[in-house]
**Student:** 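The structure follows.
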Amino acid sequence: MAPKSDTAEGIVLNFVNEQNKPLNSQNVADSLQKFNLKKAAVQKALDNLADSGKISFKEYGKQKIYLAKQDQFDIPNTEELNKMKEENTKLQEQLVEQKKAIAGIEGDIKALQSNLTLEEVQAKQVKLGKEVKQMEEKLIKLRQGVTLVSPEERKAVEKMYMDTMNQWRRRKRMFKDIWDAITENSPKNLKEFKEELGMEYDEDVGVSLQSFGDLVQHGKKRSRAQ
């Protein structure tokens with residue numbers, strides 16, 4: 001007589017049959033913790049089921065391995081196995097095709113989500129139209145010789161530029177004074193010493209303070225000519 005399904009033996013028997021693979025008492029106890037079964041109760045249930053012939057077991061030293069009785073299962077013959085393999089192959093192929101189809105649909109969804117809605121397209125069209133109109137107005141003014149920068153803006157930019165140039169000159173002069181003081185009595189070759197320190201002059205990188213100063217003078221001449 002089979003044990004009731006809600007008893008420890010019934011729970012253990014159902015689990016062993018469902019798994020249908022070699023198990024030890026620890027495997028079973030770990031898997032049945034949700035039923036609040038202690039390892040001792042699981043071990044007792046396994047031994048009782050083995051003694052009553054409801055499950056099989058083998059001893060390997062001190063270890064007991066339990067297994068579901070195989071005569072309770074319908075074991076397919078060679079023809080049935082081959083048929084099952086063919087069906088499995090077909091199902092695998094269908095699975096691959098389904099995954100490809102899903103991937104294609106997901107790609108289409110992402111593409112649609114990235115497209116602008118009609119309202120967004122219309123709003124963008126209005127914005128671009130305003131930008132084009134503004135640029136056309138600037139272009140007309142340029143063609144007519146109208147200055148787009150006010151005298152105040154030009155003066156502010158020139159002042160900022162001159163302040164920067166003065167800072168450059170001041171720092172360049174300070175560096176020269178310090179460098180001359182350091183190297184005045186130095187026995188080292190100044191060029192090699194400079195390379196050793198990783199220093200570069202403006203001229204080494206193709207920059208000339210004088211050329212930037214000339215830009216200001218050139219700009220002033222142009223403004224007077226206009």
**Student:** Do L139 and M135 have side-chain heavy atoms sitting under 4.5 Å apart?
**Tutor:**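 A side-chain contact is absent here, since even the closest heavy-atom pair is not under 4.5 Å.
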
**Student:** Please report the shortest heavy-atom distance between E9 and L49, naming the atom on each side.
**Tutor:**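 Smallest heavy-atom distance, with atoms named: O-CD1, 3.7 Å.
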
**Student:** Please list every donor-acceptor pair under 3.5 Å in which a side-chain atom of residues 171-178 meets a protein atom from a residue at least two apart or in another chain.
**Tutor:**
from, atom 1, to, atom 2, distance (Å)
K172, NZ, D202, OD2, 3.0
K176, NZ, D180, OD2, 3.0

**Student:** Where do L46 and N24 land on the side chain to side chain contact (heavy atoms under 4.5 Å, CB included) test, with the steps shown first?
**Tutor:** CA-CA 9 Å; L46 287 168; N24 59 33; over 6 Å; no

**Student:** Where is the tightest heavy-atom contact between K191 and N189, given as atom of each residue plus distance?
**Tutor:**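 For K191 and N189, the tightest heavy-atom pair comes out as N-OD1, 2.9 Å.
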
**Student:** Hey, what do you get for CG (L37) to CZ (F15), rounding to the nearest 0.5 Å?
**Tutor:**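 If I round to the nearest 0.5 Å, the distance is 11.0 Å.
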
**Student:** Go through N77 and L81 one step at a time and tell me if the side chain to side chain contact (heavy atoms under 4.5 Å, CB included) criterion holds.
**Tutor:** CA-CA 6 Å; N77 56 35; L81 282 173; over 6 Å; no

**Student:** A side-chain contact here means heavy atoms from C-beta on lying under 4.5 Å apart; do R170 and Q167 qualify?
**Tutor:**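 With C-beta onward as the side chain, the pair touches.
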
**Student:** Under 3.5 Å, side chain of N27 to main-chain N/O of L23, donor-acceptor pair present?
**Tutor:**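 Side chain of N27 to backbone of L23, a donor-acceptor pair under 3.5 Å: no, none is there.
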
**Student:** When hydrophobic residues are tied together by side-chain contacts of less than 4.5 Å, even through go-betweens, does V157 share a cluster with W168?
**Tutor:**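 No; W168 is not reachable from V157 via cluster members.
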
**Student:** Nearest 0.5 Å please: distance from the CD atom of E18 over to the CG atom of L13.
**Tutor:**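 E18 CD to L13 CG: 9.5 Å, rounded to 0.5 Å.
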
**Student:** I'd like to check N88 versus Q92 (side-chain heavy atoms, cut-off strictly below 4.5 Å). Are they in contact?
**Tutor:**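 In contact.
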
**Student:** Which pairs of donor and acceptor atoms, one on a side chain in residues 61-72, lie under 3.5 Å apart (sequence neighbours left out)?
**Tutor:**
from, atom 1, to, atom 2, distance (Å)
Y66, OH, Q43, NE2, 2.9
Y66, OH, D47, OD1, 2.7
Q70, NE2, N20, OD1, 2.8
Q70, NE2, A68, O, 2.9
Q72, NE2, N17, OD1, 2.8
Q72, NE2, K69, O, 3.0

**Student:** Give, for atom CD of E131 and atom NZ of K124, the distance between the pair rounded to the nearest 0.5 Å.
**Tutor:**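 E131 CD to K124 NZ: 10.0 Å, rounded to 0.5 Å.
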
**Student:** How would you list, by chain and number, every residue that makes a salt bridge (charged side-chain N to carboxylate O under 4.0 Å, His left out) with E184, sequence neighbours excluded?
**Tutor:**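 Here no residue qualifies.
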
**Student:** Scan for side-chain hydrogen bond (donor to acceptor under 3.5 Å, both in side chains) pairs involving residues 28-39, sequence neighbours excluded, and state none if there are none.
**Tutor:**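 For residues 28-39: Q26-D30, Q26-K39.
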
**Student:** Go through the structure and list residues passing salt bridge (charged side-chain N to carboxylate O under 4.0 Å, His left out) with K133, not counting sequence neighbours.
**Tutor:**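 Once residues adjacent in sequence are excluded, K133 has no partner under the salt bridge (charged side-chain N to carboxylate O under 4.0 Å, His left out) criterion.
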
**Student:** If you look at every heavy atom in V12 and A45, which pair is closest and at what distance?
**Tutor:**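 V12 and A45 have their closest heavy atoms at CG2-CB, 3.9 Å.
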
**Student:** Can you run down the salt bridge (Lys or Arg N to Asp or Glu O under 4.0 Å) pairs that involve residues 85-103, sequence neighbours left out, and say none if there aren't any?
**Tutor:**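 Every candidate salt bridge (Lys or Arg N to Asp or Glu O under 4.0 Å) pair involving residues 85-103 fails, so no pair, neighbours aside, qualifies.
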
**Student:** To the nearest 0.5 Å, what is the distance between CG on D163 and CD on E158?
**Tutor:**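 Spacing of CG (D163) from CD (E158) equals 12.0 Å.
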
